[in-house]
Amino acid sequence: MAIKISLPILGQPNPHEVKDVHLVGRYALGVTWADDHSSIYPFPRLRLDDPARAQGDSAGADAPDERLTEAMGWPRDIKKEAEGLRVTWSDDHVSVYPFPALRALCKCAGCTGGH
């Protein structure tokens with residue numbers, strides 16, 4: 001997975017700073033960024049995109065071929081912290097998403113080049 005890097009422009013809001021975190025219905029997490037971009041992260045996709053999983057951290061990450069159970073794809077607690085977004089899942093696994101990495105996971109048309 002390649003991480004998109006964007007340099008802040010003087011006088012413009014930091015695109016990696018979170019303004020608001022909220023639930024989108026019952027299935028996803030919504031993030032509004034300082035530059036007013038909005039991202040939606042469905043819970044199962046967010047769990048599969050756990051940074052520990054990408055680094056092959058066998059202590060906390062799911063096996064690459066493991067299917068998500070309902071508990072694995074359902075957050076119990078979501079906290080905005082200085083280093084990123086911390087999600088505690090119903091199976092007690094904790095994922096930490098640094099804000100630049102979370103922004104890079106946005107799959108909206110604007111971020112993926114779609115129309």
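For clarity, every value in this text was computed on a predicted model and none was experimentally measured. As a basis for the values below, the full set of heavy atoms in this structure was taken, side chains included, without hydrogen atoms, waters or symmetry mates.
The heavy-atom pair separating Asp50 from Ser95 by the smallest distance is OD2-OG, 2.7 Å. When all heavy atoms of Ile40 and Tyr27 are compared, the pair lying nearest together is CG2-OH, 4.4 Å. For the residue pair Cys108 and His37, the shortest heavy atom distance occurs at SG-CE1, 3.3 Å. Of all the heavy atoms in Met72 and Arg67, the pair that sits closest is SD-O, 3.9 Å.
Put simply, the residue from Val24, Leu23, Leu48 that forms a side-chain contact (heavy atoms from CB on, under 4.5 Å) with Phe43 is Leu23.
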Practice problem: Any chance you could lay out the salt bridge (Lys or Arg N to Asp or Glu O under 4.0 Å) test for Arg47 and Asp91, step after step, and finish with the verdict? | Solution: CA-CA 11 Å; Arg47 176 65 184 257; Asp91 66 349; 3.1 Å; yes
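Among residues at least two apart or in separate chains, salt bridge (charged side-chain N to carboxylate O under 4.0 Å, His left out) pairs with a member in residues 70-79 are Arg76-Asp92, Asp77-Lys79.
A salt bridge links Arg103 with Asp35: the distance from a Lys NZ or Arg NE/NH1/NH2 to an Asp or Glu carboxylate oxygen falls below 4.0 Å.
A distance-only check finds a donor-acceptor pair linking the side chain of Lys80 to the backbone of Val18 [under 3.5 Å]. The backbone N or O of Cys106 lies less than 3.5 Å from no partner atom in the side chain of Ser39, so there is not a single donor-acceptor pair.
Within the 4.5 Å cutoff, the side chain of Val96 has no heavy atoms near those of the Glu81 side chain. Side chains of Leu46 and Trp89 form a contact here, defined as non-hydrogen atoms less than 4.5 Å apart.
Partners of Tyr97 according to the ring-ring contact (aromatic ring centres under 6.0 Å, His included) rule, which considers only residues two or more places apart in sequence or in another chain, do not exist here.
Remark: His22 NE2 to Thr32 OG1 distance equals 4.5 Å, nearest 0.5 Å. The CG atom of Leu85 sits 9.0 Å away from the OH atom of Tyr41 when rounded to the nearest 0.5 Å.
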